[in-house]
K.L.:
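Below is the structure I would like to discuss, written out as structure tokens.
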Amino acid sequence: MKLLFSFLLAIPFLLFAEVIRLDGVDFHYRIPKKYDSKSQIMVLFGGRNWQGERTLKTYNFNALADKHSVFLLSPSFKDRDYWEPQVWSGKLLQKAIRQLEKRYNLQSQKVYFYGYSAGGQCTALFYQWMPQKVAACGLHACGVYPEKIKNSKAPFLITCGTEDKERFQISRHFIYRYREHGGLLLWKYFPNSGHELSKEALDLANVWFDELLSGKKVIAYGEDDTRQIKPQIDTEFRNPLYSEKMQELWQK
């Protein structure tokens, strides 16, 4: 009876999950309940060496994906410095995206990125490598960013725990550079939190992507450390907010 119950719980995930296998790498993806040729793709990069299926289940962006008819695609990259897209993984991801577009007759559009830890490194580095194909980037607990920022058109969400000390400092340094380069970037840190991917980080990411996919515009700006909403904030400390709900999560 217990085994049957576990199987039934897994059915909703299994019904909408498929795999593309390329050069020995599995790209797990989830099909939204409804889709058409204009449906978009969100690429989810997991922690270091995570299988794509684990990433899809852990992030659980299913409701978000169904609401906006978005396909969720997650690569099972492993070792070989896969967060460096120019070596091999970038072209493989592009191939997987093209196959997914072809398989479901999707128009070629910009994709969304979200990643945790090594997956955050993928998000940051892959965007600079293929900026023309990326709509927005979210990441948590990232420790590697591009040395030089060449593109800053995509809005960013960056989160990190303050006890993840090295990544916290590295992330903070990047946000100033990205904003100064002209990019919109929402920065949220979690006091007394370590390297783990927290529910709070995923909740904020869900709302952030929801509002971008809904086409919402910036309604206010918040200041990094004071968490105050102000009409005038220096560019390097400015957080774009799209709704009162986002503001509440950001100020929490």
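Just so you know, residue 1 is the first one in the sequence shown, and it goes up from there.
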K.L.:
So, do Lys91 and Gln86 sit near enough that their side-chain heavy atoms are less than 4.5 Å apart?
P.N.:
no
K.L.:
Show your reasoning for whether side chain to side chain contact (heavy atoms under 4.5 Å, CB included) applies to Asn60 and Asn206.
P.N.:
CA-CA 9 Å; Asn60 191 20; Asn206 253 291; over 6 Å; no
K.L.:
Filter on salt bridge (Lys or Arg N to Asp or Glu O under 4.0 Å), then keep only pairs touching residues 115-137, sequence neighbours left out; what's left?
P.N.:
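Listed once each, the pairs are Glu101-Lys133.
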K.L.:
I'd like to check the side-chain hydrogen bond (donor to acceptor under 3.5 Å, both in side chains) partners of Asp66; sequence neighbours left out, ordered by chain and number.
P.N.:
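Checked Asp66 against side-chain hydrogen bond (donor to acceptor under 3.5 Å, both in side chains); matches are Arg30.
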K.L.:
For a 4.5 angstrom cut-off between non-hydrogen side-chain atoms, does Gln247 reach Gln251?
P.N.:
yes
K.L.:
Under 3.5 Å, is there a donor-acceptor pair linking the side chains of His140 and Thr159?
P.N.:
yes
K.L.:
Can you tell me how far the CG atom of Leu56 sits from the CG atom of Leu73, to the nearest 0.5 Å?
P.N.:
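Interatomic distance, Leu56 CG to Leu73 CG, rounded to 0.5 Å: 8.0 Å.
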K.L.:
Enumerate the residue pairs fulfilling salt bridge (Lys or Arg N to Asp or Glu O under 4.0 Å) with a member in residues 142-163, sequence neighbours excluded, ordered by first and then second residue.
P.N.:
Glu163-Lys165
K.L.:
Thr58 versus Leu44: any side-chain heavy-atom pair under 4.5 Å?
P.N.:
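Not touching, per the 4.5 Å side-chain cut-off.
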K.L.:
To the nearest 0.5 Å, what is the distance between NZ on Lys33 and CG on Asn62?
P.N.:
9.0 Å
K.L.:
Where is the tightest heavy-atom contact between Gly143 and Arg167, given as atom of each residue plus distance?
P.N.:
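Minimum heavy-atom separation between Gly143 and Arg167: CA-CG, 3.8 Å.
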K.L.:
Can you name the salt bridge (charged side-chain N to carboxylate O under 4.0 Å, His left out) partners of Glu248, sequence neighbours left out?
P.N.:
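With sequence neighbours excluded, Glu248 shows a salt bridge (charged side-chain N to carboxylate O under 4.0 Å, His left out) to no residue whatsoever.
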K.L.:
How about Leu106 and Ile41: do any of their side-chain heavy atoms sit closer than 4.5 Å?
P.N.:
yes
K.L.:
Evaluate whether atom CD of Glu244 has more than 12 neighbouring non-hydrogen atoms of other residues, nucleotides or ligands under 6.0 angstrom away.
P.N.:
no
K.L.:
Apply the test side chain to side chain contact (heavy atoms under 4.5 Å, CB included) to residues Phe174 and Ile149: give CA-CA distance (whole Å), side-chain angles for both, the deciding distance (0.1 Å), then the verdict.
P.N.:
CA-CA 9 Å; Phe174 174 78; Ile149 298 172; 3.7 Å; yes
K.L.:
Sequence neighbours left out, what pairs pass side chain to side chain donor-acceptor pair (under 3.5 Å) with at least one residue falling in residues 111-127?
P.N.:
Ser117-His195
K.L.:
Do the non-hydrogen side-chain atoms of Phe27 and Val19 ever get within less than 4.5 Å of each other?
P.N.:
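Side-chain contact under 4.5 Å: no.
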K.L.:
Starting from the C-alpha separation in whole Å, work towards a yes-or-no answer on side chain to side chain contact (heavy atoms under 4.5 Å, CB included) for His28 and Gln51.
P.N.:
CA-CA 8 Å; His28 291 263; Gln51 284 290 312; 4.1 Å; yes
K.L.:
Of all residues at least two apart in sequence or in a different chain, which pass the side chain to side chain contact (heavy atoms under 4.5 Å, CB included) check with Ile170?
P.N.:
Tyr145, Glu166
K.L.:
Going by heavy atoms in the side chains, are Val70 and Tyr35 under 4.5 Å from each other?
P.N.:
no
K.L.:
For Asn49 and Asp79, indicate whether the former's side chain and the latter's backbone hold a donor-acceptor pair under 3.5 Å.
P.N.:
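Yes; at least one donor-acceptor contact below 3.5 Å.
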K.L.:
Which value, rounded to the nearest 0.5 Å, describes the distance between Arg98 atom CZ and Leu22 atom CG?
P.N.:
9.5 Å
K.L.:
Show every side chain to side chain donor-acceptor pair (under 3.5 Å) that has at least one partner inside residues 176-187, sequence neighbours left out.
P.N.:
Ser152-His181, Arg172-Tyr176, Arg179-Asp224, Arg179-Asn239
K.L.:
Can you list every salt bridge (Lys or Arg N to Asp or Glu O under 4.0 Å) pair that touches residues 192-215, not counting sequence neighbours?
P.N.:
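Qualifying pairs, neighbours excluded: Lys67-Asp210, Lys199-Asp203.
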K.L.:
I'd like to check the ring pair (Phe, Tyr, Trp, His ring centres under 6.0 Å) partners of Phe126; sequence neighbours left out, ordered by chain and number.
P.N.:
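Ring pair (Phe, Tyr, Trp, His ring centres under 6.0 Å) list for Phe126, sorted by chain: Phe45.
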K.L.:
Would you compute the distance between atom CD of Glu236 and atom CG of Leu185 and round it to the nearest 0.5 angstrom?
P.N.:
12.5 Å
K.L.:
Do Leu157 and Ile219 share a hydrophobic cluster (ILVMFWY, side-chain heavy atoms under 4.5 Å, transitive)?
P.N.:
no
K.L.:
Between Leu202 and Phe61, does the side chain to side chain contact (heavy atoms under 4.5 Å, CB included) criterion hold? Intermediate values first, please.
P.N.:
CA-CA 9 Å; Leu202 287 172; Phe61 284 177; 4.1 Å; yes
K.L.:
Mind listing the closest non-hydrogen atom pair of Gly222 and Leu241 along with its distance?
P.N.:
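Heavy-atom minimum between the residues: N-CD1, 4.0 Å.
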K.L.:
Are Val25 and Lys78 packed together at the side-chain level, in the sense that at least one heavy-atom pair is separated by less than 4.5 angstrom?
P.N.:
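They are not in side-chain contact.
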K.L.:
Determine yes or no for a side-chain-to-main-chain donor-acceptor pair under 3.5 angstrom, with Ser76 supplying the side chain and Asp26 the backbone.
P.N.:
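Yes, Ser76 side chain to Asp26 backbone: donor-acceptor pair under 3.5 Å.
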K.L.:
Tell me if a side-chain donor or acceptor on Thr226 pairs with a main-chain N or O of Gln228 at a distance below 3.5 Å.
P.N.:
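The answer is yes, because a donor-acceptor pair under 3.5 Å joins these two groups.
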K.L.:
By side-chain hydrogen bond (donor to acceptor under 3.5 Å, both in side chains), which residues pair with Gln94, not counting sequence neighbours?
P.N.:
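Here no residue qualifies.
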K.L.:
Taking atom CG of Asp234 and atom CD of Glu223, what is their separation to the nearest 0.5 Å?
P.N.:
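Output value for this atom pair is 7.5 Å.
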K.L.:
For residues Ile158 and Ser171, report the shortest heavy-atom separation together with the two atoms involved.
P.N.:
CG2-CB, 4.1 Å
K.L.:
Walk me through whether Phe113 and Phe209 qualify under ring pair (Phe, Tyr, Trp, His ring centres under 6.0 Å).
P.N.:
CA-CA 10 Å; Phe113 281 168; Phe209 280 116; over 10 Å; no
K.L.:
Would Tyr29 and Arg103 count as having a side-chain donor-acceptor pair, cut-off 3.5 Å?
P.N.:
yes
K.L.:
Quick check: do Val218 and Tyr242 have side-chain heavy atoms less than 4.5 Å from each other?
P.N.:
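Val218 reaches Tyr242 side chain to side chain.
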K.L.:
Please name the pair of heavy atoms, one in Pro131 and one in Asn151, separated by the smallest distance, quoted to 0.1 Å.
P.N.:
CG-ND2, 3.3 Å
K.L.:
Do we get Arg227 above Tyr189's six-membered ring, with its NZ or CZ under 6.0 Å from the centre and within 45° of the axis?
P.N.:
yes
K.L.:
Can you name the side-chain hydrogen bond (donor to acceptor under 3.5 Å, both in side chains) partners of Ser37, sequence neighbours left out?
P.N.:
none
K.L.:
Which residue, Tyr82, Trp83, Trp50, forms the ring pair (Phe, Tyr, Trp, His ring centres under 6.0 Å) with Phe77?
P.N.:
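So the option named by the test is Tyr82.
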K.L.:
Of all residues at least two apart in sequence or in a different chain, which pass the side-chain hydrogen bond (donor to acceptor under 3.5 Å, both in side chains) check with Ser39?
P.N.:
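Not a single residue meets the side-chain hydrogen bond (donor to acceptor under 3.5 Å, both in side chains) criterion with Ser39.
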K.L.:
Can any side-chain N or O of Ser74 pair as donor or acceptor with the backbone N or O of Gly46 at less than 3.5 Å?
P.N.:
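Not confirmed, Ser74 side chain does not pair with Gly46 backbone.
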K.L.:
Using the rule that two of Ile, Leu, Val, Met, Phe, Trp, Tyr join whenever any of their side-chain heavy atoms come within less than 4.5 Å, decide whether Phe190 and Leu186 are in one cluster.
P.N.:
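Unlinked, Phe190 and Leu186 end up in two clusters.
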K.L.:
When rounded to the nearest 0.5 angstrom, what distance separates SG in Cys160 from CG in Leu139?
P.N.:
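It is 9.5 Å, given to the nearest 0.5 Å.
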K.L.:
For the residue pair Gln128 and Pro146, what are the closest heavy atoms and their distance?
P.N.:
CG-CG, 3.6 Å
K.L.:
Where do Cys137 and Trp208 come nearest, in terms of heavy atoms and distance?
P.N.:
O-CH2, 3.4 Å
K.L.:
Please answer whether the main-chain N or O of Lys38 pairs with a side-chain N or O of Asp36 as donor and acceptor at a distance below 3.5 Å.
P.N.:
yes
